[in-house]
Amino acid sequence: MNNNLHLAISELPHKYKPKTGADTTKTLVNKYITIEEFVKYIESGCGFSNPFRINRGKDNCEPTNLITIDIDKVDVDMEMIKQSIKGIIYYPTFSDSEIKHSYRVIVKTDKYINTRNEYKRYSDTLICMLNNKGIEVDNCCNQMERLYF
């Protein structure tokens with residue numbers, strides 16, 4: 001497998017978390033990009049999801065080699081997250097604050113994940129690993145079709 005990441009990304013940047021993902025969803029395009037390119041998209045506030053056929057939705061997911069873990073409103077710092085799970089990208093989300101932190105971790109898998117059930121198994125394992133360390137994770141991130149900002 002090459003080092004590129006397979007995902008759907010929008011070039012529509014956001015300065016704040018959108019109230020709805022409708023506008024971003026319309027601009028998602030499936031791409032193979034490098035980690036460095038992905039970081040630039042994230043830094044500019046672009047939304048992303050796993051790749052899709054025709055349109056974004058649970059019945060249209062394409063194989064992907066990424067799992068996104070969403071960690072919301074926790075009292076731990078980024079270093080504890082990095083020690084708890086092996087990701088390729090770690091970053092604070094729009095919801096991050098000095099009182100309660102919100103992070104996202106992007107994990108690259110060794111093989112492509114082909115189905116929603118397979119994605120759920122992978123992500124549930126990662127969620128369980130973090131929960132066992134006392135780190136609460138948004139369980140909805142086990143949905144392959146989810147959109148992130």
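Here, residue 1 is the first one in the sequence, and each next residue gets the next number. All values below come from the heavy atoms of this structure, side chains included, with hydrogens, waters and symmetry mates left out.
Partners of His101 under the side chain to side chain contact (heavy atoms under 4.5 Å, CB included) rule, at least two apart in sequence or in another chain, are Val74, Asp96, Tyr103. Here Tyr90 pairs with nothing under the side chain to side chain donor-acceptor pair (under 3.5 Å) rule; sequence neighbours left out. Judged as a side chain to side chain donor-acceptor pair (under 3.5 Å), and not counting sequence neighbours, the contacts of Asn60 are Asn55. Scored by the side chain to side chain contact (heavy atoms under 4.5 Å, CB included) test, Glu79 finds Asp77, Lys82 as partners (sequence neighbours excluded). Remark: Glu11 engages Lys31 in a salt bridge (charged side-chain N to carboxylate O under 4.0 Å, His left out) (not counting sequence neighbours). The side chain to side chain donor-acceptor pair (under 3.5 Å) search around Ser123 returns none, not counting sequence neighbours. Evaluation of the side chain to side chain donor-acceptor pair (under 3.5 Å) rule for Asp75 yields Lys100 as partners, not counting sequence neighbours. Every residue meeting the side chain to side chain contact (heavy atoms under 4.5 Å, CB included) condition with Thr25, not counting sequence neighbours, appears here in chain and number order: Arg56, Leu147.
Linking ILVMFWY side-chain heavy atoms closer than 4.5 Å, directly or via other members, places Ile33 and Tyr91 in a single hydrophobic cluster. The hydrophobic clustering, which links ILVMFWY residues whose side-chain heavy atoms are closer than 4.5 Å, places Leu130 and Ile106 apart. In terms of hydrophobic clustering, with Ile, Leu, Val, Met, Phe, Trp and Tyr side chains grouped at heavy-atom distances under 4.5 Å, Leu12 and Val39 are assigned to different clusters.
The distance from atom CG of Asn142 to atom CG of Asn117, rounded to the nearest 0.5 Å, is 10.5 Å. Atoms OG and CG, on Ser49 and Leu28 in that order, are 5.0 Å from each other to the nearest 0.5 Å. To the nearest 0.5 Å, atoms CG (Asn30) and CG (Leu7) are separated by 8.5 Å. Atoms CD1 and CD1, on Ile89 and Ile35 in that order, are 6.0 Å from each other to the nearest 0.5 Å. Note that CD1 of Ile85 is 8.5 Å distant from CD1 of Ile67, once rounded to the nearest 0.5 Å. One finds the CG atom of Asn139 at 6.5 Å from the CG atom of Asn131 (value rounded to the nearest 0.5 Å).
Residue pairs meeting the ring-ring contact (aromatic ring centres under 6.0 Å, His included) criterion with at least one partner in residues 113-149, sequence neighbours excluded, are His14-Phe149, Phe48-Tyr148. Residues in residues 37-48 take part in no salt bridge (Lys or Arg N to Asp or Glu O under 4.0 Å) pair, two or more places apart or across chains. Applying the salt bridge (Lys or Arg N to Asp or Glu O under 4.0 Å) rule to pairs touching residues 114-139 yields Lys111-Glu118, Arg116-Glu145, Lys120-Asp124, Asp138-Arg146, sequence neighbours excluded.
Residues Ile135 and Ser84 are in side-chain contact: their nearest non-hydrogen atoms beyond the backbone lie under 4.5 Å apart.
The two residues Pro51 and Pro63 have their closest heavy-atom pair at CG-O, 3.4 Å. Between His6 and Tyr112, the shortest heavy-atom distance links the atoms CB-CE2, 3.9 Å. In terms of heavy atoms, Phe52 sits closest to Ala8 at CE2-CB, 3.2 Å.
In this structure a side-chain-to-backbone donor-acceptor pair under 3.5 Å is present from Ser102 to Lys73. Arg53 places a side-chain N or O within donor-acceptor distance of the main-chain N or O of Cys61, the cut-off being under 3.5 Å. A donor-acceptor pair under 3.5 Å is absent between the side-chain atoms of Thr64 and the main chain of Ile113, judged by distance alone. Asn50 places no side-chain N or O within 3.5 Å of a backbone atom of Glu62 that could act as its donor or acceptor partner.
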Exercise for the section: Apply the test side chain to side chain contact (heavy atoms under 4.5 Å, CB included) to residues Asp70 and Cys140: give CA-CA distance (whole Å), side-chain angles for both, the deciding distance (0.1 Å), then the verdict. Expected result: CA-CA 8 Å; Asp70 214 16; Cys140 290; over 6 Å; no
Practice task
Evaluate the criterion side chain to side chain contact (heavy atoms under 4.5 Å, CB included) for residue pair Asn4 and Thr34; output intermediate values, then yes/no.
Solution key: CA-CA 5 Å; Asn4 285 337; Thr34 66; 3.7 Å; yes
Practice task
For side chain to side chain contact (heavy atoms under 4.5 Å, CB included), just list the numbers for Ile88 and Leu5, CA-CA rounded to whole Å, side-chain angles, deciding distance to a tenth of an Å, and then say yes or no.
Solution key: CA-CA 11 Å; Ile88 57 168; Leu5 310 175; 3.8 Å; yes
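The side chain to side chain contact (heavy atoms under 4.5 Å, CB included) test with Val107 is passed by exactly one of Thr68, Leu66, Leu126: Leu126.
Hydrophobic clustering, defined by side-chain heavy atoms of Ile, Leu, Val, Met, Phe, Trp and Tyr closer than 4.5 Å, leaves Val29 isolated from every other such residue.
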